[in-house]
There are 2 protein chains.
Amino acid sequence: MASIEIGQPLTARGKATRARIVEAATELVRAHGVANTSLDAVLAASDTSKSQLYHYFADKDDLVLAVIQRQTECVLATHESHLRKLHSLAGLRRWRDAVVELSRQTDCAGGCPLGSLVSELAESPRPRELLAESFARWEALLVAGFRAIQVRSGTSRDCDLTELATVVLAALQGGLLLAQTTRSTRALELALDMAIDRVEAQLA
Amino acid sequence: MASIEIGQPLTARGKATRARIVEAATELVRAHGVANTSLDAVLAASDTSKSQLYHYFADKDDLVLAVIQRQTECVLATHESHLRKLHSLAGLRRWRDAVVELSRQTDCAGGCPLGSLVSELAESPRPRELLAESFARWEALLVAGFRAIQVRSGTSRDCDLTELATVVLAALQGGLLLAQTTRSTRALELALDMAIDRVEAQLA
DNA sequence: CTAAAAGTGGACTAATCAGTCCAGTCATAG
DNA sequence: CTATGACTGGACTGATTAGTCCACTTTTAG
């Protein structure tokens, strides 16, 4: 009732405050999970107050929805920058290397920010829908990349690019989960290599 | 200090009480996650009292360790019963079907009980180690199955069965995560099919 | 200028949580 | 039988939590 609905006015200052809250919440959730992130911690990290938070969000669940959306934009932006210029299998393997390197840089901690949200929120309808959309957009990015490879190589063999994108994403998520558990990028490398070999076999 | 250490006496009644607590906690954690499972809820579900819980466990973290171990035994027992009698690729595909069917029966909810624990506990050293051991045992089960297939088929081609087990497990985990998000077994089926095709290519 | 609305600060509440404590019951070894 | 220790019931505490409320300041529209 006290929360911002669609179309409600928002001054520049208001927008900035809201953004500060979402940014701080996203960072805390990525580091500690939804359940282990208290609103008080968000307020402290964003230098705001209770009344501000409840001015812009109906409740914690509402804030979590905003966090999912922001995290989605962050993750997709990272991959989009790599996948946009994709036009060969070698480029896909460079993407693989970048993903592995990113995981290595954080010592394999945290896993995928979106994947982690799934196991915590997948039983709540609205968050689950949002995450499903995020993965769909991620797959679309991969499909676009595959198509670019196909176009460049000339051989437009008939195969389901969407299915390929799904298995690549599954390999990525599964690989990251095992990497997070073992604190080694080995499983991630093997899983992505398998998936990319599959792409090569289907595409070429 | 008040908890049960290794070697401490445990009567039959005590063992039963401890088991009841772990069983209830495991079920609640599987359904709602560690952070969303309160000790009071565990007590209510197991029909025990605070003093009993703290008689057998040092604190909540200690109970969580027991939950990880019990959940590991449950999951591995399920897969062991399928993988033990493995001696052909057809058998491996039947295992795939069983995994898919199991996911379908719960409407893809919950994902893998061990995988879900990872994203919630992977940043705590001891739980993470335990989960890493669980996955290592799971991979060993797969390796044993692959070896049985290799022996039966006669062709003992030289390939790294451990790597194969890792990618199959990664495909399973990633597939389950996407299945949980989309509420469809499609991603799980595709990911497992890809991994098993890989096994076939490497093994035969 | 001025009034209405947007935005803010922080005290407060009620519920829930992990963990403590102690008085007691039960089982069993000697 | 009896004493020791395993086992149990549940009240209690202090900390933390999400969420409420109201007085106040700042911005904006007319």
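A note on names: the letters A, B, ... follow the listed sequences, proteins ahead of strands, and every chain is numbered from 1.
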Is the phosphate of C/dT8, meaning OP1 or OP2, less than 4.0 Å from a side-chain N or O of A/Thr17?
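Answer yes for this pair, as a side-chain N or O of A/Thr17 is under 4.0 Å from OP1 or OP2.
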
Rounded off to whole Å, could you give me the [atom1]-to-[atom2] distance for the [X] and [N] pair?
X       : N      : atom1 : atom2 : result
A/Asp47 : C/dG9  : CG    : P     : 7 Å
B/Gln52 : C/dC21 : CD    : P     : 19 Å
B/Lys15 : D/dA6  : NZ    : P     : 15 Å
B/Arg13 : C/dT25 : CZ    : C1'   : 8 Å
A/Lys50 : C/dG10 : NZ    : C1'   : 10 Å
A/Arg20 : C/dG9  : CZ    : C1'   : 13 Å
B/Tyr54 : C/dA23 : OH    : P     : 21 Å
B/Leu63 : C/dG19 : CG    : P     : 10 Å

Tell me whether [X] is salt-bridged to [Y], with the criterion being a basic N under 4.0 Å from an acidic carboxylate O.
X        : Y        : value
B/Glu123 : A/Arg183 : yes
A/Glu129 : A/Arg126 : yes
A/Asp47  : A/Arg20  : no

Side chain of [X] only, please: which of [options] is the nearest?
X       : options               : answer
B/Ser51 : D/dT8, C/dA18, D/dA18 : D/dT8
A/Ser38 : D/dG9, D/dA6, D/dA18  : D/dA18
B/His55 : C/dA18, D/dT28, D/dT8 : D/dT8

Just to be sure I understand the rule, does B/Lys60 reach a base, reach only the sugar-phosphate, or reach nothing, if contact means heavy atoms closer than 4.0 Å?
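Answer is sugar-phosphate: B/Lys60 comes under 4.0 Å of backbone atoms only.
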
How many angstroms lie between atom CG of B/Leu53 and atom CG of B/Leu43, to the nearest 0.5 angstrom?
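These two atoms lie 5.5 Å from each other.
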
